Number of protein chains: 2
Amino acid sequence: MKPTTPAAEDYLKTIYAHTEWQPAPITPRVLATRLGIAPSSVTEMVKKLAADGFIAHVPYGPLTLTAAGRMRATAVVRRHRLIETWLVRELGYTWDEVHDEAEVLEHAISDRLLEAIDAHLGHPAADPHGDPIPAADGSSVRVPAVLLADAAPGHAGTVLRVSDRDPGILRALADAGIGPGSRLDVVDAHSVRLPDGELHPLAPDAAGAIWLTR
Amino acid sequence: MKPTTPAAEDYLKTIYAHTEWQPAPITPRVLATRLGIAPSSVTEMVKKLAADGFIAHVPYGPLTLTAAGRMRATAVVRRHRLIETWLVRELGYTWDEVHDEAEVLEHAISDRLLEAIDAHLGHPAADPHGDPIPAADGSSVRVPAVLLADAAPGHAGTVLRVSDRDPGILRALADAGIGPGSRLDVVDAHSVRLPDGELHPLAPDAAGAIWLTR
DNA sequence: GGTCAGATTGAGGCATGCCTAAATCGTAGT
DNA sequence: ACTACGATTTAGGCATGCCTCAATCTGACC
């Protein structure tokens, strides 16, 4: 298949990420916002990606990945998440500060290095945020999860995943010692109870970033 | 000072590398050949680098680094060599196959990650080829060395450094088990005697790539 | 001192990927 | 049904960094 540039990989990755935890297809507007670029720039790149068979797009409609596009996207996601895992496990990064570094490295490492890191880490199944790491063939395992914002008051569960979209939320949760693996009792959308019995208030959007076991 | 792009860093690094082991300044022609690009492309970039204060250049003359340019160049070289060392020590690469990977990564890792790798490796003084790793302040230690091609027959020494310019030579020497740290007796420019007494023939250009203790 | 080859530079182009500004589309609300 | 208004696309530009081809310079040789 066609080669992909770093810029194109970012588009595919962002489209993929949008539908990974929610089903609605992404629009050009939202994609532009996520990438921090002008909508017209998206139009241009979309034309190329559609011509190369990576996305399906009818004019003025939403964007969806083709099978080929999904393959490329999961490959980039795999890189990103393995790099994050490696930075945290081997080089003293905390899980709230790895994103930007991985963002760059995901376009720079060779397949050879990627697989060496994967082997070195013992083929981890999830990254430090709890996001599943796709296998080299693009497949990935999904554990049933509930968004904290959607959980019934009284729901008790373990943190499976914390979205890395908002660095501020990540920082706040890291400071509070809350991360993948933490046990939580849901009080409501604004606070949770920790195992030590302490009531912990949540930042406004935090409930929309934390996923719990069912 | 001005920021530098990956392309500009490659120019500075290549100019620096040319004078690291031999004193003559580099010409645009040679630089173009080393970078694998057309001479006119060099002219253009040289104009920018000179305007930014990184190189000194009189039209039709050779290219020399300014103090600022040398600083940038050593920073890139430091990155390159620390990455090579890390790939070999941590991830199972052999010293003859790390160059291309480092070539890309040197433009991608953050200062933060670089220093983490440096600390993780225990602040190594030389990379797997025996090239000195400049300190963060740009300084680097130089050990007196003789090029094998210039050594008198009968000269006995330890391999300090093997130039990584030619991958073929690297492969051949790696296969023969010759690398930094190896003891050698110089027979002539075409063969050396190994510690086990065996006479080892050298590929045509190998004598110009191996540096020995004095 | 003249000539010529090779090195260097200049002019004009191309691809990528972004921008702003100006159409155009599509739909929600009246 | 109409009319906005927001979303999308088109048009035209710009920076980077490379190219080819042509012009110009430099130095070595006669």
Side-chain angles (χ1 to χ4, degrees), chain A residues 1-15 18-19 22 24-65 69 72-73 76 100 103-104 106-108, chain B residues 1-15 18-19 22 24-65 69 72-73 76 100 103-104 106-108:
Chain A
M1 192 78 50
K2 281 277 170 60
T4 34
T5 61
E9 290 177 358
D10 282 336
Y11 281 78
L12 296 176
K13 180 187 62 173
T14 306
I15 297 170
H18 189 261
T19 45
Q22 237 104 47
I26 197 169
T27 63
R29 185 88 174 99
V30 172
L31 180 54
T33 305
R34 285 258 201 287
L35 292 170
I37 61 179
S40 60
S41 303
V42 169
T43 302
E44 280 180 273
M45 182 63 92
V46 158
K47 262 188 283 191
K48 289 178 204 161
L49 291 172
D52 291 348
F54 294 124
I55 66 178
H57 179 232
V58 291
Y60 298 96
L63 308 168
T64 46
L65 294 174
R72 289 300 171 97
V76 178
D100 293 349
E103 204 67 31
V104 177
E106 71 192 7
H107 305 297
Chain B
M1 192 77 49
K2 282 277 170 61
T4 33
T5 61
E9 290 178 358
D10 282 336
Y11 281 77
L12 295 176
K13 181 187 63 173
T14 306
I15 297 169
H18 189 262
T19 45
Q22 238 105 45
I26 196 169
T27 63
R29 185 85 174 105
V30 172
L31 180 54
T33 304
R34 285 260 201 286
L35 291 170
I37 62 179
S40 60
S41 304
V42 169
T43 302
E44 279 180 273
M45 181 64 92
V46 158
K47 262 188 283 190
K48 290 177 202 161
L49 291 172
D52 291 348
F54 294 122
I55 67 177
H57 179 231
V58 291
Y60 299 96
L63 307 169
T64 46
L65 294 174
R72 289 299 171 97
V76 178
D100 293 350
E103 203 68 32
V104 177
E106 71 192 8
H107 304 299

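Lettering follows sequence order; numbering is per chain, from 1. Predicted model only: the values in this text are computed from it and were never measured.
- The distance from atom CD1 of A:I55 to atom CG of A:L49, rounded to the nearest 0.5 Å, is 5.0 Å.
- Taken to the nearest 0.5 Å, the OG1 atom of A:T4 stands 4.0 Å off from the CZ atom of A:R72.
- Near DNA chain C, defined here as any heavy-atom distance below 4.0 Å, the residues from residues 41-49 of chain A are A:S41, A:E44, A:M45, listed numerically.
- Among residues two or more places apart in sequence or in another chain, the side-chain hydrogen bond (donor to acceptor under 3.5 Å, both in side chains) test is passed with A:H107 by A:E9, A:D10.
- Under the rule for a side chain to side chain contact (heavy atoms under 4.5 Å, CB included), the partners of B:A7 that lie at least two apart in sequence or sit in another chain are B:T5, B:M45.
- Of all heavy-atom pairs between B:L12 and B:A73, the closest is O-CB, 3.6 Å.
- Partners of A:E103 according to the salt bridge (charged side-chain N to carboxylate O under 4.0 Å, His left out) rule, which considers only residues two or more places apart in sequence or in another chain, are A:K13.
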Contact state string [nucleotides 21-27 of chain D, B base, S sugar-phosphate only, - no protein heavy atom under 4.0 Å]: ----SS-
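- Protein chain A contacts DNA chain C over a range whose 5' and 3' limits, counting nucleotides with an atom under 4.0 angstrom from a non-hydrogen atom, are C:dG17 to C:dC25.
- Contacts of B:A7 with the nucleic acid, taken as non-hydrogen atoms under 4.0 Å apart, involve only primed sugar atoms and P, OP1 or OP2.
- Of the residues in residues 24-35 of chain A, not one comes within less than 4.0 Å of DNA chain C through any heavy atom.
- Sorted by first then second residue, the side chain to side chain donor-acceptor pair (under 3.5 Å) pairs that include residues 48-58 of chain A, not counting sequence neighbours, are A:K2-A:D52.
- A heavy atom closer than 4.0 Å to some atom of DNA chain D occurs in B:Y11, these being the qualifying members of residues 8-15 of chain B.
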Atom pairs and distances, side-chain donor-acceptor, residues 26-37 of chain A, under 3.5 Å, sequence neighbours left out:
residue: A:T27; atom: OG1; partner: A:V30; partner atom: N; Å: 3.4
residue: A:T33; atom: OG1; partner: A:R29; partner atom: O; Å: 3.0

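- Not counting sequence neighbours, the partners of B:P25 by the side chain to side chain contact (heavy atoms under 4.5 Å, CB included) test are B:P62, B:T64.
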